[in-house]
Asks: 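To start, I am sharing the structure in question, which I have written as structure tokens.
For reference, positions follow the sequence shown, starting with 1.
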Amino acid sequence: MKINEKRLLHDLRHLRSITATPGRGVTRLTYSREDQEARNYITSIAKAFHFNIRVDGIGNILIAPPASRARVLTGSHIDTVIHGGWLDGAYGVISALEVLRTFAENDYPHDAALIIFAEEEGTNFGSTMTGSKFLTGKYGDAQRTTLCDSQGRSLSMLAQEAGLDPAENILPLTGAELMIELHIEQGPVLEENGCDLGIVDTIFGQTTIRVTMEGLGNHAGASPMQYRKDALMAACEGILAAEKAVASDPYHRAVMTVGRINASPDCSNVIPEEVIFTLEVRDSDTERMQQYIDEIEVLLQKAAKHRRVGCRIDPIASSAAIPMTPSVVSSMDRLAREKQLAYRIMNSGAVHDTAMMADIMGTGMIFVPSASGRSHVPQEDTAEEQLIAGANFLLDVLREKAGR
Ligand code: HGY
Ligand code: MN
Ligand code: MN
């Protein structure tokens, strides 16, 4: 049994066209018009196959064929970063949908179901894996209002405006024993090693903080350098010190990123009064990740003191490094070997909803290569034959794990 290659590529290409930034990558934020259009596209396919569909108040979706007991979940997310790629998340969702359609067309009895997690990227609220954190009780009713976007709009507000019913309880996952997610690697390892497939053994931990440097706004021309309390220079000094600390990781594994920074009043002739930026650290060792965060907080305060500005650090989100279920890793290892695929066992530097599911069920992740190791950019791409091979491997894994 093989997936329908043309249909897989067609649906992936169609999802790529649903973007707020045509010609400049895929931008599809949860609860946006584009998100609703993508949801409608997927659920219309599910309805045509008479699959059952459930949507919770956060926007997580469960799609199951009538006879399936949804014992094995497979899927990913359809939201993206800003000017992101066409495959991050969408590939795992469309491939899972394609496998369910292929099973249905072959009258193949199984207990698999497609799950689509809401707000995986955290583009709205800064917190990644939000839908799966609600599904697994890591987030509760409080976060429906405490999670707010840069315009102060809460998750609850945005979800309701998108037509979701807040009273809809979080999807029931009773009976679900295993989560298998197919995803692009988003890094260079598979391509550099000539592999077509990756089997993930650990998903990195991720800790994100928000840093506010408070200096003294002043005139850019009339303020002598020695009198300045420049919030932006303090941020630069602290960020470079943080980068130096993490880049010297003896294991060459930890990573840190400042992806968002805002200076106010954001005028070219005013010394910034306040600078706010996010800083995240990731590692496959949770303890070492926390040690880096602790070290960085000291470095940021030191830079602030040296620049005579205030420094406030607020936690945004944190998730531990999560090992995939060893028996799932070894069974996929065996399957890939039997099928003589070019594959390797590897870490995931990217975080995924599957990591959040790991404390309530078995977990496994499958990667396909990312061209030039790039992702979260419009250039994100994967060769068609690798996309097809990955979806067929997912079908084989689901036959083994969910077949009756
Ligand atoms: O940031 C990540 O690792 C994921 O793409 N949300
Ligand atoms: Mn993703
Ligand atoms: Mn992503």
Side-chain angles (χ1 to χ4, degrees), residues 8-9 11-30 32-35 37-38 76-95 117 119-130 149-150 181-193 195-198 200 203-204 206 208 239 243 246-247 253-262 277-282 316-317 346-353 355 365-387 390:
L8 173 80
L9 296 174
D11 290 341
L12 281 172
R13 290 184 189 117
H14 182 79
L15 229 55
R16 174 166 55 185
S17 70
I18 306 176
T19 170
T21 53
R24 290 181 300 135
V26 181
T27 302
R28 193 168 52 233
L29 271 55
T30 315
S32 66
R33 188 190 61 72
E34 296 75 27
D35 179 50
E37 188 184 338
S76 191
H77 59 96
I78 55 172
D79 67 308
T80 71
V81 294
I82 297 168
H83 300 307
W86 67 300
L87 294 169
D88 179 358
Y91 174 54
V93 169
I94 296 297
S95 296
F117 299 102
E119 187 62 5
E120 187 279 340
E121 291 292 1
T123 314
N124 279 314
F125 314 114
S127 159
T128 54
M129 305 175 287
T130 296
D149 69 4
S150 52
E181 182 169 2
L182 174 61
H183 205 283
I184 51 172
E185 175 202 341
Q186 301 184 285
V189 172
L190 290 176
E191 187 176 67
E192 279 175 0
N193 290 278
C195 293
D196 295 320
L197 205 80
V200 176
I203 296 178
F204 270 32
Q206 175 191 28
T208 308
I239 290 166
E243 182 204 33
V246 175
R253 202 184 48 209
V255 288
M256 66 77 75
T257 309
V258 173
R260 288 182 111 150
I261 185 162
N262 289 297
F277 59 91
T278 59
L279 187 151
E280 60 145 85
V281 173
R282 303 191 194 199
I316 292 187
M346 61 188 289
N347 277 340
S348 172
V351 295
H352 301 282
D353 294 296
M365 277 206 79
I366 307 161
F367 277 170
V368 293
S370 289
S372 316
R374 296 194 68 193
S375 178
H376 279 188
V377 291
Q379 296 80 1
E380 179 184 282
D381 202 7
T382 299
E384 285 183 1
E385 59 274 13
Q386 292 172 332
L387 293 174

Asks: Which residues satisfy the ring pair (Phe, Tyr, Trp, His ring centres under 6.0 Å) test with H14, sequence neighbours excluded?
Replies: Y41
Asks: Looking only at heavy atoms, which two atoms of S370 and Q186 are closest? And how far apart?
Replies: OG-N, 2.8 Å
Asks: What distance do S76 atom OG and D353 atom CG have between them, rounded to the nearest 0.5 Å?
Replies: 6.5 Å
Asks: For the CD atom of E121 and the CE atom of M129, what is their distance to the nearest 0.5 Å?
Replies: 10.5 Å
Asks: Would you check, one step at a time, whether the test side chain to side chain contact (heavy atoms under 4.5 Å, CB included) holds for H77 with T30?
Replies: CA-CA 10 Å; H77 59 96; T30 315; over 6 Å; no
Asks: Should T80 and D88 be marked as a side chain to side chain contact (heavy atoms under 4.5 Å, CB included) after you check the CA-CA gap, both sets of side-chain angles, and the distance that decides it?
Replies: CA-CA 7 Å; T80 71; D88 179 358; over 6 Å; no
Asks: Closest approach of I78 and A38, non-hydrogen atoms and distance?
Replies: CD1-CB, 4.0 Å
Asks: Working note: R28 + T19, criterion side chain to side chain contact (heavy atoms under 4.5 Å, CB included); need CA distance, chi angles, decisive distance, verdict.
Replies: CA-CA 5 Å; R28 193 168 52 233; T19 170; 5.7 Å; no
Asks: Examine the side chains of T128 and Q206 and answer whether a donor and an acceptor come within less than 3.5 Å of each other.
Replies: yes
Asks: Give me each pair satisfying salt bridge (charged side-chain N to carboxylate O under 4.0 Å, His left out) with a member in residues 365-385, each pair once, sequence neighbours excluded.
Replies: R13-E384
Asks: For L12 and L87, run side chain to side chain contact (heavy atoms under 4.5 Å, CB included): C-alpha distance rounded to whole Å, both residues' side-chain angles, the deciding distance at 0.1 Å, then the answer.
Replies: CA-CA 8 Å; L12 281 172; L87 294 169; 4.3 Å; yes
Asks: Looking only at heavy atoms, what is the nearest atom pair of R253 and F204, with distance?
Replies: O-CE2, 3.6 Å
Asks: Nearest 0.5 angstrom please: H183 NE2 to F367 CZ, how far?
Replies: 7.0 Å
